[in-house]
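Below is one structure, written out as structure tokens; comments come after it.
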2 protein chains.
Amino acid sequence: MARSDGKEIKATRTSFAVLEAVAELDGAGISELARHLDRSKGGIYKHVHTLADLGYLVERDGAYRLSLGLWSLGATVPKRAVPDRVESIVDNLAASVGHVATLVLYESGRTIATYIRRPTSTASQPFREGESLPLHATASGKAVLAFLPDEERNAVFEGELDTYTDATLTDPETVKSTLETIRQQRLARDDGEYRTDIECLAAPILDDSGYPRGAVGVSRSREESGDDELDTDASLLVSASKSIENALTE
Amino acid sequence: MARSDGKEIKATRTSFAVLEAVAELDGAGISELARHLDRSKGGIYKHVHTLADLGYLVERDGAYRLSLGLWSLGATVPKRAVPDRVESIVDNLAASVGHVATLVLYESGRTIATYIRRPTSTASQPFREGESLPLHATASGKAVLAFLPDEERNAVFEGELDTYTDATLTDPETVKSTLETIRQQRLARDDGEYRTDIECLAAPILDDSGYPRGAVGVSRSREESGDDELDTDASLLVSASKSIENALTE
DNA sequence: AAATATCGTTCGCTCTGTGTGAACAGATGT
DNA sequence: ACATCTGTTCACACAGAGCGAACGATATTT
């Protein structure tokens with residue numbers, strides 16, 4: 001099925017398709033999974049059973065869910081990707097601007113919110129840690145997009161651009177037209193394009209060769225915003241992004 | 001190889017063995033993995049390639065590491081397992097006792113540190129979120145162990161009990177002898193048995209049927225400790241564990 | 001109550017694709 | 001220059017992944 005290079009393990013693809021489906025459906029039974037993946041019930045049964053036996057799926061009330069063990073397997077990754085000194089920079093940024101600060105990392109075609117700092121413990125979060133974010137509909141995503149090599153950037157525009165809110169830009173040309181400005185200013189903006197009423201500013205984090213490793217962003221709800229602060233926030237953001245660049249390249 | 005029930009996907013077992021080995025070795029190449037898992041290089045090559053193509057392994061400087069994508073896949077799990085109201089209870093506990101408070105959950109034979117709260121942002125952590133902890137060498141682990149059904153508890157003692165510090169109890173009978181007291185007091189203690197110079201107290205979290213879902217714990221370095229606080233901490237801990245029990249059973 | 005639908009589980013069967021071991025070129029170190 | 005790593009590719013053989021049908025057990029419907 002699909003294209004088989006002969007140097008691929010198809011069963012592994014199937015098992016991860018199961019895990020991804022369980023995540024997407026937020027818990028599911030055998031039949032539901034088989035239907036969703038368009039596979040035989042018997043076959044999916046074996047995968048689910050194996051994954052459960054390995055401790056990566058747990059059954060409760062007849063539905064299988066992702067286990068804490070799966071999370072635990074990957075839990076060291078963000079700690080290693082974001083050293084303490086980088087966390088501190090984000091912490092300080094959140095404190096200075098008084099809004100939520102987020103560190104987003106780019107990896108194989110997507111950005112992932114890796115570290116989030118709220119200025120107070122009561123502040124609400126725009127997204128969860130570990131959440132995968134669209135490149136075209138967030139400030140951080142666009143900051144990364146603007147600095148990607150042509151080939152990699154174009155790959156993003158080949159698929160459909162998902163809609164998240166009324167303000168989401170779904171036309172490739174519209175998005176592309178904003179990228180030149182972002183490159184010049186090292187600053188991207190998002191006005192409720194991913195979550196309604198949440199405004200973001202973000203600056204890219206580039207490595208030595210100019211390749212975008214991610215972005216730092218500041219988010220606030222529209223009500224909180226005074227346009228007067230905007231310039232201050234922007235300059236704090238850009239300097240934070242440069243500090244992170246230095247911290248990451250040692 | 002191994003025992004095959006016929007209703008198991010062996011390729012999936014192999015792929016996860018690869019992921020676990022990568023985690024354990026903290027980055028590895030094909031040959032090293034093949035050697036470590038005692039498998040053919042050609043076969044491991046296919047698994048690694050598939051996992052990398054799926055975006056769950058990333059290559060850097062010739063070594064494969066777990067990706068942010070793998071973490072992202074499981075990142076929703078702890079949020080779902082620990083509702084906000086439970087987080088608050090742990091937050092308050094940390095604030096009242098002035099030490100690090102930890103929520104540990106039990107799942108398929110192991111405990112996992114799911115939520116950690118430091119009283120101040122400078123306090124050092126005894127372990128990382130997502131870390132899998134031994135049942136016999138931590139206060140939280142012993143709190144769980146004491147309330148496990150006989151069969152499940154005995155399974156723990158069948159394997160070797162790993163040593164972590166000079167103080168780790170590795171004799172099954174010694175550990176077992178402490179469990180009765182823990183059951184009576186609803187309180188377990190660990191004195192540098194997992195990390196040197198770190199002292200912990202923990203109370204179990206039980207569901208309606210008395211089955212241990214996890215434990216709450218308080219950790220402090222030995223220097224910080226005054227024995228006078230101990231009784232106060234213990235009672236705060238026990239009442240926190242009861243609040244969490246209520247919060248989890250709705 | 002009877003009938004229907006849907007669940008998880010099991011069983012053969014067929015052919016695919018997993019796993020092995022050997023051979024390859026390219027680095028790296030001696 | 002040699003020896004020893006590495007990742008990659010190949011052909012082969014047997015295991016086992018995936019399918020579809022049938023099972024009893026629960027729910028849901030009539």
Side-chain angles (χ1 to χ4, degrees), chain A residues 1-67 70 107-108, chain B residues 1-67 70 107-108:
Chain A
M1 41 202 61
R3 83 203 67 174
S4 87
D5 299 66
K7 57 174 185 174
E8 295 260 338
I9 308 289
K10 297 195 179 167
T12 296
R13 297 201 109 88
T14 310
S15 270
F16 273 97
V18 168
L19 291 174
E20 288 163 11
V22 168
E24 187 189 331
L25 300 169
D26 191 35
I30 308 273
S31 300
E32 191 179 358
L33 287 169
R35 232 180 292 120
H36 189 259
L37 298 170
D38 199 33
R39 299 293 255 279
S40 74
K41 248 197 318 182
I44 295 302
Y45 174 79
K46 290 195 221 173
H47 279 272
V48 169
H49 232 70
T50 308
L51 290 167
D53 188 64
L54 284 168
Y56 294 115
L57 283 180
V58 288
E59 186 262 329
R60 202 172 135 186
D61 308 326
Y64 289 90
R65 295 172 197 279
L66 301 185
S67 74
L70 182 67
E107 181 193 87
S108 32
Chain B
M1 45 202 61
R3 81 204 66 173
S4 87
D5 299 64
K7 59 173 183 175
E8 295 262 336
I9 309 288
K10 296 200 179 165
T12 295
R13 297 199 108 88
T14 310
S15 270
F16 273 97
V18 168
L19 290 174
E20 288 163 11
V22 168
E24 187 189 331
L25 300 170
D26 190 35
I30 308 274
S31 301
E32 192 179 357
L33 287 168
R35 232 179 294 121
H36 190 258
L37 298 169
D38 199 33
R39 299 293 256 278
S40 72
K41 248 196 324 182
I44 295 302
Y45 174 79
K46 290 195 220 174
H47 279 272
V48 168
H49 231 71
T50 307
L51 290 167
D53 189 64
L54 284 167
Y56 294 116
L57 283 181
V58 288
E59 187 262 330
R60 202 171 136 187
D61 307 327
Y64 289 90
R65 293 171 198 281
L66 302 185
S67 75
L70 181 66
E107 181 193 87
S108 34

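Everything numeric here is computed off the predicted structure, so don't read it as measured data. Heavy-atom basis, side chains included; hydrogens, waters and symmetry copies ignored. A, B, ... follow the sequence lines: proteins, then strands. Residue 1 opens every chain.
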Distances under 3.5 Å between protein N/O atoms and the N/O atoms of nucleotides 2-8 of chain D, please, pair by pair.
residue	atom	partner	partner atom	Å
D:dT6	OP1	B:Arg35	NH2	2.5
D:dT6	O5'	B:Ser31	OG	3.4
D:dG7	OP1	B:Ile30	N	2.9
D:dG7	OP2	B:Ser31	N	2.8
D:dG7	OP2	B:Ser31	OG	2.5
D:dG7	N7	B:Lys41	NZ	3.2
D:dG7	O6	B:Lys41	NZ	3.1
D:dT8	O5'	B:Tyr45	OH	3.3

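Minimum heavy-atom separation, B:Ser31 to B:Lys41: OG-CD, 3.3 Å. Residues B:Ser108 and A:Gly55 come closest through the heavy atom pair OG-CA, 4.5 Å.
The CG atom of A:Asp61 sits 17 Å away from the P atom of D:dT26 (whole-angstrom rounding). In this structure, A:Glu8 atom CD and D:dA17 atom C1' are separated by 16 Å, rounded to whole Å. The interatomic distance linking B:His47 (NE2) with C:dG17 (P) rounds to 14 Å, in whole Å. The distance between atom CD1 of B:Ile9 and atom C1' of D:dG18, rounded to the nearest whole Å, is 8 Å. In this entry the distance linking CZ of A:Arg39 with P of D:dA17 reads 13 Å, nearest Å. Atom CG of B:Leu37 and atom P of C:dT20 are 10 Å apart (whole Å). Following rounding to the nearest Å, A:Arg13 (CZ) and C:dT18 (P) show an atom-to-atom distance of 10 Å. Atom CD1 of A:Ile44 is separated from atom C1' of D:dG20 by 14 Å (rounded to the nearest Å).
Between the CG atom in A:Leu70 and the CG atom in A:Leu57 there is a gap of 8.0 Å [rounded to 0.5 Å].
From one end of the helix from C:dT9-D:dA22 to C:dA23-D:dT8 to the other, with five pairs defining each end axis, the axis direction shifts by 50° (rounded to 10°).
Two residues are said to be in side-chain contact when any heavy atoms from C-beta on lie closer than 4.5 Å; A:Arg35 and A:Glu32 meet this criterion.
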Show your reasoning for whether side chain to side chain contact (heavy atoms under 4.5 Å, CB included) applies to B:His36 and B:Glu24.
CA-CA 11 Å; B:His36 190 258; B:Glu24 187 189 331; 3.8 Å; yes

Checking B:Leu37 against B:Thr14 for the side chain to side chain contact (heavy atoms under 4.5 Å, CB included) test, could you report, in this order, the C-alpha distance in whole Å, the side-chain angles of both residues, the deciding distance, and whether it holds?
CA-CA 9 Å; B:Leu37 298 169; B:Thr14 310; 5.8 Å; no

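Remark: A:Arg13 engages A:Glu8, B:Asp53 in a salt bridge (charged side-chain N to carboxylate O under 4.0 Å, His left out) (not counting sequence neighbours).
Taking side-chain N and O atoms only, A:Thr14 has no distance below 4.0 Å to OP1 or OP2 of D:dA17.
With D:dC19, C:dG17, D:dA17 as the choices, the nucleotide that has an atom nearest any side-chain atom of A:Lys10 turns out to be C:dG17.
Side chain of A:Thr12 to main chain of B:Ser15: no donor-acceptor pair is present (N/O by atom type, distance under 3.5 Å, no hydrogens or angles). Between the side chain of B:Arg65 and the backbone N or O of B:Asp26 there is at least one donor-acceptor pair closer than 3.5 Å.
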